[in-house]
Amino acid sequence: MTDQSKDRVYIFDTTLRDGEQSPGATMTHDEKLEIAELLEDMGVDIIEAGFPIASEGDFKAVKDIAERSKETVICGLARAQLPDIDRCWEAVKHAPRPRIHTFIGTSPLHRAIPNLTMDEMADRIHETVTHARNLCDNVQWSPMDATRTEWDYLCRVVEIAIKAGATTINIPDTVGYTAPRESASLIKRLIETVPGADEVIFATHCHNDLGMATANALAAVEGGARQIECTINGLGERAGNTALEEVVMALKTRGDIMPFYTEIDTRKIMHISRRVSTVSGFPVQFNKAIVGKNAFAHESGIHQDGMLKNAETFEIMRPEDVGIAGTSLPLGKHSGRAALRAKLKDLGVDVGDNQLKDIFVRFKDLADRKKEVFDDDILALVTAHMADEQENHLEIVSLKVICGTAGQAEAVLEMEVGGAEMSADEFGDGPVDATFKAVRKLYPNKARLQLYQVNAVTEGTDAQATVSVRLEEDGKIATGQSADTDTVVASARAYVNALNRLHVRRGKTGGDVKEISYKDVS
Ligand code: KIV
Ligand code: ZN
């Protein structure tokens, strides 16, 4: 039961727009639809689904997400240009509850780029917000870099936007420059000063350049903001954005000093965090609040002893409240399909019968190799299943690697490339190097390896390894992830996943969101 005596705060998730904009986080169409579905299921109020003018792919993703949505408001981003706003409307209008979000950079630095005077920019804001409002009765307006905009000018443009029909005014801290006290007072003063401010919702959109995004967002709520813009895992350009899981759990855990509530089903947090990590290729840091691998781990004797006596000694929230099945037992090779289904349900993963069949085969195979299969192993299996469900240009058929002290490592690889099966036998400086060379032999490419990272999913020498790979080719970045008890197999799959993504990106027609310029407002 939600406490109606508290003020409601709307959660606006921009993982699919601001999050997806971070270099290398590009998601496929199907992945975007899946994440949108999980966000709606979790109870997010508004989903910013993309930037429709940016590319055909972005437009289609926003349109398809809008068509599938039920209750959630579906929002698209548009610069302060009439064609952008029209394109955005064409995509979001299919939603039962559409929203247009239009923005322009209002700080001196941002005004200088399109070379608009204050008056010219004010006219542009009036024209574009009026246009958006004539199309859609739910319009959000943002003065980008608001926290570095002159106070008088900020008040002036916010008033213009409200008069032109904006229903939500978002105050972005675009470069993560503000601090909590200033964040609260900026919103409070705007609400007190700007005529008409009490008729709209104020939103906060904080970037994390100084590590204060979540604190700044919560302070803005104390100042009167009632919409928090955030992303899963804090995904976003540079140091990222306010993390959804952090603000939601902070409000839930410290309702005594922050009497505000959201409608988020927090038990879905862990699953969506893992899915976003996988599809974006951005691993979650171990000590990340709420969703990091160590967020509920206790190593020291004193802590472990305290935990055994009373979990509240060292935990301020219960793992099960964020979707970590606290005390559940690991599965083993004798566990059946019903146990696996129940475990998936516990972990917040809904799968159809066919998907369950495939995940069960993977589970049995893993259980044969590993004594106990933990929750993290199961989630890694789901991830691998989802990745393989997609149609891929490259598919590994088999891999055999010989390595050790006797000489150079050798990899014998069979792979399908565009449907044709081929094989290669390569030597290298260690098993991973030999394997990657074999992949490159069968699929020559000039992608540069920017990151290769291995993490153990659970403890023990039989643990699965999660491998993340990031590639760069002509300024385009693609990431891949995979997990297996064999680190070399996981590495090969992660590399091939990243190459498949690059292949898709090369084939993309139209502009790309990374290449469209925010500054181009004329
Ligand atoms: O950070 C920012 O200013 C943005 C705007 C487009 C709202 O993401
Ligand atoms: Zn942003």
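Predicted, not measured: the structure shown is a model, and the values here were computed from it. Whatever order the structure lists ligands and atoms in, that order sets their numbers, starting from 1.
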For the residue pair His271 and Leu38, establish whether any side-chain heavy-atom pair is separated by less than 4.5 Å. yes
Do Asp18 and His205 have side-chain atoms, one donor and one acceptor, less than 3.5 Å apart? yes
I'd like to check which ligand 1 atoms, numbered from 1 as shown, lie under 4.0 Å from a non-hydrogen atom of His205. 1 (O), 2 (C), 4 (C), 8 (O)
Do Arg8 and Asp45 meet the salt-bridge criterion of a basic N to acidic O distance under 4.0 Å? yes
Residues Glu31 and Arg501 bridged, charged N to O under 4.0 Å: yes
Once you restrict to heavy atoms under 4.0 Å, what part of Asp18 touches ligand 1? Side chain, backbone, both or neither. side chain
From the options Arg124, Arg111, Arg156, select the one residue that forms a salt bridge (Lys or Arg N to Asp or Glu O under 4.0 Å) with Asp119. Arg156
Any N/O pair Asp145/ligand 1 closer than 3.5 Å: no
Filtering Glu48, His101, His207, Arg17 for the heavy atom nearest atom 6 (C) of ligand 1 leaves Arg17
Should Glu229 be listed as contacting ligand 1, given a heavy-atom distance under 4.0 Å as the test? no
Side-chain touch Leu77/Phe103, heavy atoms, less than 4.5 angstrom: yes
Leaving out waters, which are not shown anyway, how many protein N, O or S atoms lie closer than 2.8 Å to the Zn ion (ligand 2)? 3
Give the table of side-chain donor-acceptor pairs shorter than 3.5 Å for residues 447-456, with sequence neighbours excluded, one pair per line with atom names and distance.
unit_1: Gln450; atom_1: OE1; unit_2: Arg470; atom_2: NE; d: 3.2
unit_1: Tyr452; atom_1: OH; unit_2: Ser491; atom_2: OG; d: 2.8

Hey, what's the ring geometry for Phe12 with His101, parallel, tilted or perpendicular (30° and 60° as the breaks)? perpendicular
